[in-house]
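Just so we're on the same page: letters track the sequence lines, and every chain starts at 1.
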Protein chains: 2
Amino acid sequence: MVTIKDIAARLKVSASTVGRALADDPRISGAMKQKVHEVANEIGYVANRAARMMRGVSSNLVGLIVPDIRNNFYSTIAHALSKCLEQDGFQLTLSETDDDRAVELRHVRELISANVAGMILVPSAKLLPETVRLLKSMPHIQLLREQSSLGGQWFGLDDSKSLALAVEHLLQLGHRRIAYIGPSEELSTGASRLKGYRDELKAAHRWDAQLEMCGSPSDADFGRDALRRLLALPKPPTGVVLGGVQHTHSVVDECIALGIRVPDELSIVGYGDEAGFRWWGAGLTTISLPVSELATACGLWFLHQLRQRPAAMPRYRSVSSPTLLVRGTTRALTPSSPAAAPKRTRARAAAT
Amino acid sequence: MVTIKDIAARLKVSASTVGRALADDPRISGAMKQKVHEVANEIGYVANRAARMMRGVSSNLVGLIVPDIRNNFYSTIAHALSKCLEQDGFQLTLSETDDDRAVELRHVRELISANVAGMILVPSAKLLPETVRLLKSMPHIQLLREQSSLGGQWFGLDDSKSLALAVEHLLQLGHRRIAYIGPSEELSTGASRLKGYRDELKAAHRWDAQLEMCGSPSDADFGRDALRRLLALPKPPTGVVLGGVQHTHSVVDECIALGIRVPDELSIVGYGDEAGFRWWGAGLTTISLPVSELATACGLWFLHQLRQRPAAMPRYRSVSSPTLLVRGTTRALTPSSPAAAPKRTRARAAAT
DNA sequence: CTGAAAGCGCTAACAC
DNA sequence: GTGTTAGCGCTTTCAG
């Protein structure tokens, strides 16, 4: 390994001179800097980040912690952040938690010991106290989900509004029995989405606890089971709004498996907007979220925060708004087409 | 920052004892190790990797370099690798190239100066000489695309077989004019896929250069344009096989935009297998690739390679096999349903 | 303008 | 078993 000492020896100057020349210290003469750079290039000098980091400087690493990178949401975030941070010479590291607190803590530990400049994370449902303690000791931003125990910065979506939009849309189409399938309430996002759904329905006096289905997004079967249970109800729903990307996936799959005719038998509003959603039937009516923009804003703020380091950052919450993308999986409920009756028989038939 | 000295002070022992206890050195008594770990947890000690690295050890970082993490292919790879490497305490860093050689080189430089233990990369079409030089100086594995100038290890798919499978399927269904839309030949994968397509068709004496469309996968519009041009041909194809995930996306979009009835007017075989592909019409017939398995195998081999470090690794190539997933976008071509005629008029109508 | 020297936190050789 | 000591490559006082 070639060090500043090697280049100092070649130039017959001290190591500190070389160090300063490389750091573009104003006290060093232009001529010296010139020579140092020449020799450095010549003998192929590469700064040793490890040594530099030991002197207190943090690395150019930024930790990104998400549940599962395969989820379109999170890969979009990773992409946007990577692009944004790269401009300032930062490198993103990727950690996946699978929503497991213990795994999450392990990752946070690892990242701290790797001397990351900070972390951007989608926190799991309930952080371990130790994780909170560690995070508080360094720059970090929460994405999407908000853990109030952390305080600090949060960039998220208006989750209750997104579901309110979806419900409102179905109400306007004349639906009265509108079901919800979404993430568990433990997640801040899950709680907000459920609230958005519930409040909107309650305001219309159409709320029915039986139509609420909350379950883990990482359980691939939850959405399918939930849909089947809803359809088996004595008075099944005529519309379903989804509160998660994974849930949307599994509900679409189940609709296809059961042979349900959408939107004739059932109206559906999805959550999120990935390419495949356009392709189902006449296109999935869905809630579109500005995920990429959100992540970019988060990245920019993160960089800003690093520059401001000394002063503790004030609390800051940024909320981005969803929009409803009306496509082909929702339709007006006319008195002549009572969706319930035919649906159940078809579902039963297909399931057996 | 809490260091081994802090915990040494609390225990009234020397720093080296603590260091050894943490490193599970056999010379340290079990009781001592026990106590050290307790105190470490209590005061929240995290090892300082920078200091460790300075002692010669390379970091626990592994660089992953892909064109675009939003691509389902690459996020699947990132997930599998992350899971695999995590077991051995390695952390994945994420770098996106957008298939830009210069960006790629920058990333490689950055990663080297960050002291990564090695890199796993999907190389761009033609690596810069400097990139080759740098990569050769450290453990690395190529994924999917193969750059022969690098030598070394490669984990990829049997690209020509995948396209051969697709073409064979359509030939058996009676198709005679089968078009191809895929990545440019500059990419090793693009070249192989085109070859698979071409060889299979030539063997059946049905090859027609006009039906080959190769273009950059990062150009979102290429697939759509290619499809339109094919359909505008005097003798348009009755079937299309795709050679890339992005191309599949855009062709599906264009089919929907043009209102083409698939498979009645046109049979289509997609490339790759993401959730959304199941949802289009009766499901997209597609080539399924064992991407996750491939990445895991690659990760395992990478770890193996790190352990063997001293000896230069021999050349090694691993080829995984694709399978054809027959769903609803391909059908037999019967003499009574000449696909060409109605298709063109519909396409024209929809386009204007 | 430049040099000498003192560490950063950890590991490893060498003592006891 | 455990303590002492000497650095790893770099930055950063403090002296010239």
Side-chain angles (χ1 to χ4, degrees), chain A residues 1-40 43-61 89 109-117 134 137-138 309-310, chain B residues 1-40 43-61 89 112-117:
Chain A
M1 165 165 269
V2 34
T3 79
I4 51 169
K5 280 183 183 167
D6 296 318
I7 121 161
R10 294 267 291 232
L11 253 30
K12 294 197 206 303
V13 294
S14 79
S16 16
T17 302
V18 176
R20 283 196 270 254
L22 259 14
D24 201 27
D25 188 300
R27 296 176 295 185
I28 300 294
S29 71
M32 189 73 232
K33 286 179 187 169
Q34 182 71 21
K35 280 194 285 184
V36 167
H37 278 106
E38 273 167 20
V39 176
I43 64 180
Y45 167 81
V46 228
N48 183 330
R49 262 221 171 75
R52 201 167 268 175
M53 272 158 55
M54 267 202 40
R55 301 298 304 153
V57 190
S58 77
S59 74
N60 69 331
L61 256 34
R109 281 222 170 91
E110 277 292 324
L111 291 175
I112 288 181
S113 102
N115 232 307
V116 293
L134 290 173
S137 75
M138 65 154 35
R309 172 84 67 79
Chain B
M1 164 164 270
V2 33
T3 79
I4 51 169
K5 279 183 184 166
D6 296 318
I7 121 161
R10 293 267 291 231
L11 253 30
K12 294 196 205 306
V13 294
S14 78
S16 20
T17 301
V18 176
R20 284 196 270 255
L22 258 15
D24 201 28
D25 187 301
R27 295 177 295 183
I28 300 293
S29 70
M32 189 72 234
K33 286 179 187 168
Q34 180 71 20
K35 280 194 285 186
V36 167
H37 278 107
E38 272 166 21
V39 176
I43 65 180
Y45 166 81
V46 242
N48 182 330
R49 209 150 233 133
R52 207 166 263 175
M53 270 159 60
M54 269 203 38
R55 305 296 309 160
V57 194
S58 79
S59 76
N60 70 330
L61 257 35
I112 287 181
S113 106
N115 233 306
V116 293

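Position along DNA chain D of the nearest nucleotide to B:Pro26 versus B:Ala51 favours B:Pro26 as the more 5'-ward residue. If you find the closest nucleotide of DNA chain D to A:Ala47 and to B:Ser14, the one lying nearer the 5' end belongs to B:Ser14. Each of A:Met54 and A:Val13 has a nearest nucleotide on DNA chain C; the 5'-most of these lies closest to A:Val13.
Whole-Å rounding puts the A:Arg55 CZ to D:dT11 C1' distance at 5 Å. Taking atom CG of B:Asn48 as the reference point, atom C1' of D:dC10 lies 14 Å away to the nearest angstrom. Regarding B:Arg27, its CZ atom lies at a distance of 11 Å from the P atom of D:dT2, rounded to whole Å. Distance CZ (B:Arg52) to C1' (D:dC10): 20 Å, rounded to an integer number of Å. Between the CG atom of B:Asp25 and the P atom of C:dT11 there is a distance of 11 Å, rounded to whole Å. The distance between atom CD1 of A:Ile28 and atom P of D:dT12, rounded to the nearest whole Å, is 14 Å. The NZ atom of A:Lys5 sits 10 Å away from the P atom of D:dG7 (whole-angstrom rounding). In this structure, CG of A:Asp6 is placed 9 Å from P of D:dC10, rounded to the nearest angstrom.
No side-chain heavy atom of A:Arg49 sits under 4.5 Å from any side-chain heavy atom of B:Asn115.
Across all strands shown, B:Thr3 has heavy atoms under 4.0 Å from sugar-phosphate atoms exclusively, and none from any base. Nucleic acid contact for B:Met32: sugar-phosphate only, since backbone atoms but no base atoms lie under 4.0 Å from a heavy atom of the residue. Nucleic acid contact for A:Ser16: base, since at least one base atom lies under 4.0 Å from a heavy atom of the residue.
The minimum heavy-atom distance between B:Val2 and B:Tyr45, with the atom names listed, is O-CD1, 3.4 Å. In terms of heavy-atom proximity, B:Ser59 sits nearest to B:Ala117 at O-CB, 3.6 Å.
Atom NZ of B:Lys33 is surrounded by more than 12 heavy atoms from other residues, nucleotides or ligands within 6.0 Å.
In this model, a side-chain donor or acceptor of B:Arg20 finds a partner on the base of D:dG3 within 3.5 Å.
Out of D:dG1, C:dT2, C:dG9, the shortest distance to the side chain of A:Ser29 is found at C:dT2.
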What's the verdict on side chain to side chain contact (heavy atoms under 4.5 Å, CB included) for A:Val116 and A:Met138, showing C-alpha distance, side-chain angles and the deciding distance?
-> CA-CA 9 Å; A:Val116 293; A:Met138 65 154 35; 4.2 Å; yes
